[in-house]
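Here's the structure, in structure tokens; my notes come after.
The chain is numbered in sequence order, starting from 1.
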Amino acid sequence: QFMASAGIKNFMFLVSLNQKRIISRLEERNVITSMGGSIMKRPIRISLSLLAGFLTVLGLVAQTNAQSSSYMSAEESDPGQLGWMAGFPPPPEKLIMQPESDFFSFPKLRWTVCHIRELMPTKQANRGIGPPVPLEYAIDNGIDAVTFAAMGDGKPMTWKESLSANYTDGILILHKGRVVYEKYFGCLDEMSKHAAMSMTKSITGLLAEILVVEGRLDDKAKVSSIIPELKHSAFGNATVRQVMDMTTALDYSEDYSDPKADIWTYSKAASPLPKPKDYEGPNGYFEYLQTVKQDGIHGEAFGYRTINTDALGWMLSRVTGKDLAHLLSERIWSRMGAEQDGYMTVDARGTPFAGGGLSAGMRDLGRIGLLMLNGGKINGQRLFPKDVLENIRAGGDKKAFAKAGYKTLKGGSYRSMWWILHNMHGALAARGVHGQTIYIDPTAEMVIVRFASFPTAKNAQIDPTSLPAYQAVAEYLMKE
């Protein structure tokens, strides 16, 4: 797995029967390797250009079957406990830096998620110059003891136990607008920021839905009518809505074991660092999108591909005349009473990474959750029309979504880059690899924000001890 531009997807292959063949392929691309969950002692070095390219793929879910049981526990892998980057200077064995190839391999990723800006160029999402609007508090110490049954094996677990099991870096629960639970672990504290990973997609989708409701973006229009440069690409004859809901049919492979997969070309294009002298490929997100070809019929199936969000980000910038970081600041971040600036990683052309580039403070993402819960209102002010939330909560095409085979999200859908659970509480979520979540439960009037650094990327591995936990806390709070 590996993370990207904003941060990074941890790239690890489990090597078994075909160990030699896989290692050979990885070495061809100078990729990090992992054997049985244990990182090689001498990580492979890669070129600055290719490394930075790898880092621009944040939000793309890596294909891995690794299990957390083969890794150190959350307590054992705490970055403070391991002493990463401690000392003046840190000893060589404790450095996490460019151009090493392993700074998002576990357990180093547990430090990296809070320090993206030290590794990658970024652009600020400004909170403005006014004072923040404090959140109200009513801490409920009973939440730690809330018990639930995990998906699958039905094993009982408490809320507190689930935090460690899922390598939680920070957790925030708001109920009826007040903070009832707030904890920090690992690299995170209340003054620091954490990589949001693919939760960035949902914020990009929210901005798009705002423009749709305001009549500034036509979701029935062809992409090529907004971005003529994409006319001859796969996106050209797709509708804006198909991009927003990721039902585009793209000839685009994210098979990391294939050295000829499209992901490698994308990675090189998106690299924010100088290209090699002999490089002749696309430079930046926008140039790469023009090379993507169509495979199939748009609208028939859901396919989670980050390049959809890159295309949507381009459309938002073309319609508004502002880059995504500026647009986010203007429409939301500077108006919601945020405590901290956010920041987004960028490519070599300065384009913010729409699909996974955001890092932010936990309470500020709680404010995003409150906006979604309250239909666009926060601190007595309306930031966007209520119809925005209603359109998103209505959900996308369930049949198209089912074709993707998400076992822990059966019956769900995807709308405007938000995950719609269609459960009995009408919950929706922003989700990112390694456990990032903004979970909104309208019935319980609850918002949960979780930052995490789970050893492997796919949320399907921690959904069994996350989704039932969220539901159990919602039911507990409804009784209070």
Side-chain angles (χ1 to χ4, degrees), residues 1 3 7-10 12 14 34-41 64 66-87 90-91 93-96 102-116 139 141-148 150-151 153 155-173 181-195 197 361-362 432-437 448-470 472-473:
Q1 311 156 11
M3 314 293 300
I8 354 261
K9 272 185 185 177
N10 187 18
M12 295 189 292
L14 284 182
S34 168
M35 295 185 179
S38 178
I39 301 298
M40 294 172 65
K41 292 183 179 179
T64 176
Q67 298 298 316
S68 63
S69 59
S70 61
Y71 296 93
M72 290 187 289
S73 69
E75 292 75 20
E76 293 167 339
S77 62
D78 185 291
Q81 180 76 17
L82 295 180
W84 298 121
M85 297 299 290
E93 69 274 12
K94 297 299 182 180
L95 289 172
I96 299 179
D102 63 348
F103 61 81
F104 223 87
S105 62
F106 185 84
K108 290 184 178 181
L109 75 91
R110 302 209 66 207
W111 179 90
T112 301
V113 289
C114 294
H115 299 270
I116 301 302
I139 297 298
N141 294 318
I143 291 175
D144 275 335
V146 170
T147 303
F148 63 93
M151 286 182 185
D153 60 12
K155 180 181 177 180
M157 179 179 281
T158 66
W159 171 262
K160 185 176 181 179
E161 290 170 339
S162 75
L163 302 183
S164 176
N166 294 325
Y167 293 75
T168 300
D169 296 325
I171 191 83
L172 178 76
I173 305 176
Y181 193 91
E182 183 177 18
K183 301 283 186 180
Y184 297 89
F185 308 93
C187 66
L188 192 67
D189 59 39
E190 64 178 356
M191 294 182 290
S192 57
K193 303 178 181 71
H194 194 288
M197 316 298 190
M362 185 166 69
V433 291
H434 298 285
Q436 321 318 315
T437 305
I448 296 177
V449 178
R450 181 179 69 188
F451 282 136
S453 47
F454 193 77
T456 58
K458 297 180 78 172
N459 281 316
Q461 296 184 33
I462 52 178
D463 279 347
T465 53
S466 298
L467 297 180
Y470 301 157
V473 170

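- To the nearest 0.5 Å, atoms CG (Asp169) and CG (Asp189) are separated by 11.5 Å.
- Across all their heavy atoms, Pro79 and Cys187 have their closest contact at CG-N, 3.6 Å.
- Considering all non-hydrogen atoms of both residues, Phe148 and Ser162 come closest at CZ-CB, 3.8 Å.
- For the pair Leu82/Met72, a side-chain contact is recorded, criterion being any heavy-atom separation below 4.5 Å from C-beta on.
- Using a 4.5 Å heavy-atom cutoff, the side chains of His115 and Ile96 are not in contact.
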Test side-chain contact (heavy atoms from CB on, under 4.5 Å) applied to Met85 and Leu95, step by step: CA-CA 5 Å; Met85 297 299 290; Leu95 289 172; 4.1 Å; yes
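- Not counting sequence neighbours, the partners of Asp463 by the salt bridge (charged side-chain N to carboxylate O under 4.0 Å, His left out) test are Arg431.
- Rounded to the nearest 0.5 angstrom, Asn459 CG and Met197 CE are separated by 10.5 Å.
- Between the side chain of Glu182 and the main chain of Ile171, no donor-acceptor pair closer than 3.5 Å is present.
- Using a distance-only test at 3.5 Å, with no hydrogens or angles considered, no donor-acceptor pair links the side chain of Ser466 to the main chain of Pro464.
- For the pair Lys183 and Tyr181, the cation-pi test (distance below 6.0 Å, angle within 45°) is passed.
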Test log, rule side-chain contact (heavy atoms from CB on, under 4.5 Å), inputs Ile143 and Val473: CA-CA 7 Å; Ile143 291 175; Val473 170; 4.2 Å; yes
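- Taking every heavy atom of both residues into account, Thr465 and Ala469 meet most closely at O-CB, 3.8 Å.
- Arg450 CZ to Gln436 CD: the interatomic distance, rounded to the nearest 0.5 Å, is 8.0 Å.
- With Tyr167 as the partner, the ring-ring contact (aromatic ring centres under 6.0 Å, His included) test is satisfied by one option alone out of Phe454, Tyr71, Phe185: Phe454.
- By the 6.0 Å contact criterion, CD on Glu75 is enclosed, its count of non-hydrogen atoms from other residues, nucleotides or ligands being greater than 12.
- In this structure a side-chain-to-backbone donor-acceptor pair under 3.5 Å is missing from Ser192 to Leu188.
- Looking at every heavy atom in both residues, Pro468 comes nearest to Met151 through CG-CG, 3.8 Å.
- The aromatic rings of Phe451 and His194 lie parallel to each other, with less than 30° between the two planes, well short of the 60° mark.
- For Glu161 (side chain) and Thr158 (main-chain N/O), a donor-acceptor pair under 3.5 Å exists by modelled atom type.
- Not one N or O on the side chain of Ser453 forms a donor-acceptor pair closer than 3.5 Å with the backbone of Arg110.
- With sequence neighbours excluded, the residues forming a salt bridge (charged side-chain N to carboxylate O under 4.0 Å, His left out) with Glu190 are Arg363, listed by chain and number.
- By the side-chain hydrogen bond (donor to acceptor under 3.5 Å, both in side chains) test, Glu93 is found to be paired with no residue, residues two or more places apart in sequence or in another chain being considered.
- With Thr168 contributing its side chain and Ser164 its backbone, the two residues share no donor-acceptor pair below 3.5 Å.
- The shortest side-chain heavy-atom distance between Thr147 and Met157 does not fall under the 4.5 Å cut-off.
- Closest heavy-atom contact between Val146 and Ala472: CG1-CB, 3.7 Å.
- Looking at every heavy atom in both residues, Val113 comes nearest to Phe104 through CG1-CZ, 3.3 Å.
- Atom CG of Asp144 sits about 5.5 Å away from atom NZ of Lys160, to the nearest 0.5 Å.
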